[in-house]
Amino acid sequence: MKPSHASSLVRYAIRDVVLEAKKEEKKGKKIIYLNIGDPAVYDFSPPQCIMDGVKKALDGPYKAYAFSLGDPELRQEIAKIEGCSPDEVFVTAGLSEGVDFGTRILLDAGDSILLPNPTYPLYPTKADVIGAKAHFYECDGKWVPDPDDIRKRIDKKTKGIVVINPNNPTGAIYPYKVLKEIGDIAAEHDLPVFADEVYDHVLLDDVEMHKMKNIVKDVPVFSGNSLSKNFFYPGARVGYVAVHHDKGGEFLDAFTRMCNQRLSVNWEFQRGAIEAYRGGFGFLEPELKRLRKRRDIICKRIREIPGLSVAAPPAAMYAFVKVEGYKGNDWDFVYDLLRSEGVLVVPGSAFYKNHPDELYFRTNLLPDKETLESAMDKLENFMKKIA
Ligand SMILES: Cc1ncc(COP(=O)(O)O)c(C=O)c1O
């Protein structure tokens, strides 16, 4: 008896590294966790209206399975934000389930999907499990995609293009011109676009966020989002995919089937999500100010440490840091840093593929000033030790 081959292909480094950190903790070491993008672990709280909505729902008629495609009022609120019909909105258990549905809808074994490099690791994992191939398109020094590289990588097996904007792990946000070029390529090759926009309100600089569905209209665009990042509520596990421009309706049918087979998303939290979307994103302004200050601390400190460099992230909640002069790979680096200093980050190769000679790690930007300064002191100390 043994587990399936497909299950052996599942990897999620962002959490896998925690196992090693827990071992160190057991030995008495204090660990600073910079590995995960969960704002609620730190001092960022969701708006109160969500919790009020959930509490009210607990006493209401929400004990049954919810509607498979999502609570009708929630679909309506999301449709307003997405500028589509509620019939085109599918509520999912976080965007993670939307990624699962989207990849399974686009891919059969032997097909391929184009992902940004670096990418969010769930996409290649899903492709692997299906028996499809993840192909990666390259980005420039500011981590903006190179449309020519996308064009080069398309072949008969390509079934879709994923755009993660703003990006995890780099925090890059893509200019209109680049998104338009990607949209034109998708239209030219008749390829659907999966637009992962889960950080679309987490903007740290005065940058504009362009939604893919407004840019490409000739092919289906799946817009993915959730409460996890924009509302600092990952534990709610409420997300959605809005399917735009699906003229034939085949993708709408496929998402409907996917939603039906998983029954439903927790109803009380969907009621909370209705309040989130009704309340809007105004609550974010002071929170983003705090996050911006933390981003600035991290970038300043990292740039002062010999051997480290970083492109300042204009959005999201991560920095993707380049390491030079270390003798070993990124996993060795991460575990050495953990054992030596008690700082936990994520190896860059979890996100960044086909560049074995370059060493990166991802840190989040989320802890308070004191914790960040202490983590940066330890990182500086470690870099001195290995120099
Ligand atoms: C780019 C990206 N997409 C999707 C997700 C999944 O988010 P959730 O399932 O919490 O909505 C994440 C989580 O970190 C992410 O960074």
Side-chain angles (χ1 to χ4, degrees), residues 14 30-53 81 94-95 120 142-143 164-173 196-209 225-236 238-239 272-273 275-305 308 310-321 342-346 361-380:
I14 299 166
K30 200 172 168 305
I31 309 295
I32 301 181
Y33 288 91
L34 301 178
N35 61 306
I36 198 160
D38 186 341
V41 166
Y42 305 90
D43 54 354
F44 296 93
S45 308
Q48 186 58 39
C49 62
I50 304 183
M51 283 76 89
D52 293 343
I81 288 176
L95 179 53
Y120 180 58
K142 289 190 168 168
W143 302 116
I164 304 175
N165 180 42
N167 184 270
N168 176 7
T170 64
I173 183 156
D196 182 327
E197 296 171 346
V198 80
Y199 299 95
D200 61 348
H201 286 270
V202 187
L203 306 180
L204 304 177
D205 288 334
D206 190 14
V207 284
E208 220 178 315
M209 166 67 206
N225 222 310
S226 83
L227 292 195
S228 299
K229 315 296 177 173
N230 286 330
F231 288 97
F232 302 148
Y233 210 153
V238 179
E275 299 310 322
Y277 290 115
R278 283 185 183 150
F281 300 96
F283 82 100
L284 269 176
E285 208 183 304
E287 303 299 302
L288 292 180
K289 248 188 209 160
R290 291 196 296 135
L291 191 55
R292 188 175 305 134
K293 278 192 187 143
R294 294 174 191 189
R295 185 270 316 262
D296 292 345
I297 292 172
I298 289 212
C299 290
K300 179 174 178 295
R301 289 292 309 270
I302 280 176
R303 285 171 177 163
E304 285 167 358
I305 301 174
L308 300 183
V310 66
M317 39 189 77
Y318 313 98
F320 201 51
V321 181
V343 174
L344 185 66
V345 293
V346 188
F361 67 84
R362 189 197 77 171
T363 173
N364 69 26
L365 311 174
L366 294 164
D368 60 36
K369 182 174 182 306
E370 289 65 37
T371 310
L372 277 185
E373 293 283 10
S374 162
M376 293 301 114
D377 289 345
K378 288 169 187 285
L379 185 56
E380 187 167 11

Chemist: Partners of Tyr33 by ring-ring contact (aromatic ring centres under 6.0 Å, His included), sequence neighbours excluded?
Modeler: none
Chemist: Do the side chains of Glu285 and Lys289 get close enough for a salt bridge, i.e. N-O under 4.0 angstrom?
Modeler: no
Chemist: Tyr42: which residues meet the ring-ring contact (aromatic ring centres under 6.0 Å, His included) condition with it, sequence neighbours left out?
Modeler: none
Chemist: Tell me, please, which residues at least two apart from Asp377 pass salt bridge (charged side-chain N to carboxylate O under 4.0 Å, His left out).
Modeler: Arg301
Chemist: Search all heavy atoms of Asn35 against all heavy atoms of Arg362 and return the closest pair with its distance.
Modeler: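 Residues Asn35 and Arg362, closest heavy atoms: O-NH2, 2.6 Å.
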Chemist: Is a side-chain donor or acceptor of Arg295 paired with a backbone partner of Pro313 at a separation under 3.5 angstrom?
Modeler: yes
Chemist: To the closest 0.5 Å, what do you measure between CD (Glu380) and CD (Glu304)?
Modeler: 7.5 Å
Chemist: For residues Val321 and Thr363, determine if any side-chain heavy atom of one lies less than 4.5 Å from a side-chain heavy atom of the other.
Modeler: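 Yes, close enough: below the 4.5 Å cut-off.
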Chemist: How far does NZ of Lys229 sit from CG of Leu227, to the nearest 0.5 angstrom?
Modeler: 12.0 Å
Chemist: Mind running ring pair (Phe, Tyr, Trp, His ring centres under 6.0 Å) on Tyr120 and Tyr199 for me, showing each step along the way?
Modeler: CA-CA 12 Å; Tyr120 180 58; Tyr199 299 95; 8.2 Å; no
Chemist: Is there a side-chain contact between Val198 and Asn230, using heavy atoms and a 4.5 Å cut-off?
Modeler: no
Chemist: So Tyr277 and Phe231, would you call those rings parallel, tilted or perpendicular, with 30° and 60° as cut-offs?
Modeler: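 Tyr277 vs Phe231 ring planes: perpendicular.
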Chemist: Using a 4.5 Å cut-off on heavy atoms from C-beta on, say whether the side chain of Ser374 contacts that of Glu370.
Modeler: no
Chemist: Is the shortest heavy-atom distance from the side chain of Leu372 to the side chain of Ile298 under 4.5 Å?
Modeler: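 Side chain of Leu372 against side chain of Ile298, heavy atoms only: contact under 4.5 Å found.
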Chemist: Quick one: side-chain contact (heavy atoms from CB on, under 4.5 Å) partners of Lys369, sequence neighbours excluded?
Modeler: Ile297, Glu373
Chemist: For residues Asp205 and Ile173, determine if any side-chain heavy atom of one lies less than 4.5 Å from a side-chain heavy atom of the other.
Modeler: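 No - every pair of side-chain heavy atoms lies 4.5 Å or more apart.
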Chemist: Would you say the side chain of Met317 lies within less than 4.5 Å of the side chain of Pro39, judging by non-hydrogen atoms?
Modeler: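 Sidechains of Met317 and Pro39: in contact.
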Chemist: If you define the side chain from C-beta out and look only at heavy atoms, does anything of Asn165 sit under 4.5 Å from Met209?
Modeler: yes
Chemist: Which salt bridge (charged side-chain N to carboxylate O under 4.0 Å, His left out) pairs, counting each pair once, include a residue from residues 38-52, with sequence neighbours left out?
Modeler: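 For residues 38-52, and leaving out neighbouring residues, the salt bridge (charged side-chain N to carboxylate O under 4.0 Å, His left out) pairs sorted by first residue read Asp43-Arg290, Asp43-Arg294.
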Chemist: Looking at CG of Leu34 and OH of Tyr318, how far apart are the two atoms once the value is rounded to the nearest 0.5 Å?
Modeler: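 So the CG of Leu34 and the OH of Tyr318 are separated by 12.5 Å.
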Chemist: Hey, what do you get for CG (Leu204) to CG (Leu365), rounding to the nearest 0.5 Å?
Modeler: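 The distance works out to 7.0 Å.
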Chemist: Taking only residues two or more places apart in sequence or in another chain, which ones pass ring-ring contact (aromatic ring centres under 6.0 Å, His included) with Phe361?
Modeler: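 Counting only residues at least two positions away or on another chain, Phe361 forms a ring-ring contact (aromatic ring centres under 6.0 Å, His included) with Phe333.
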Chemist: So, for Ile31 and Leu344, which heavy atoms are closest and what is the spacing to 0.1 Å?
Modeler: CG2-CB, 4.2 Å
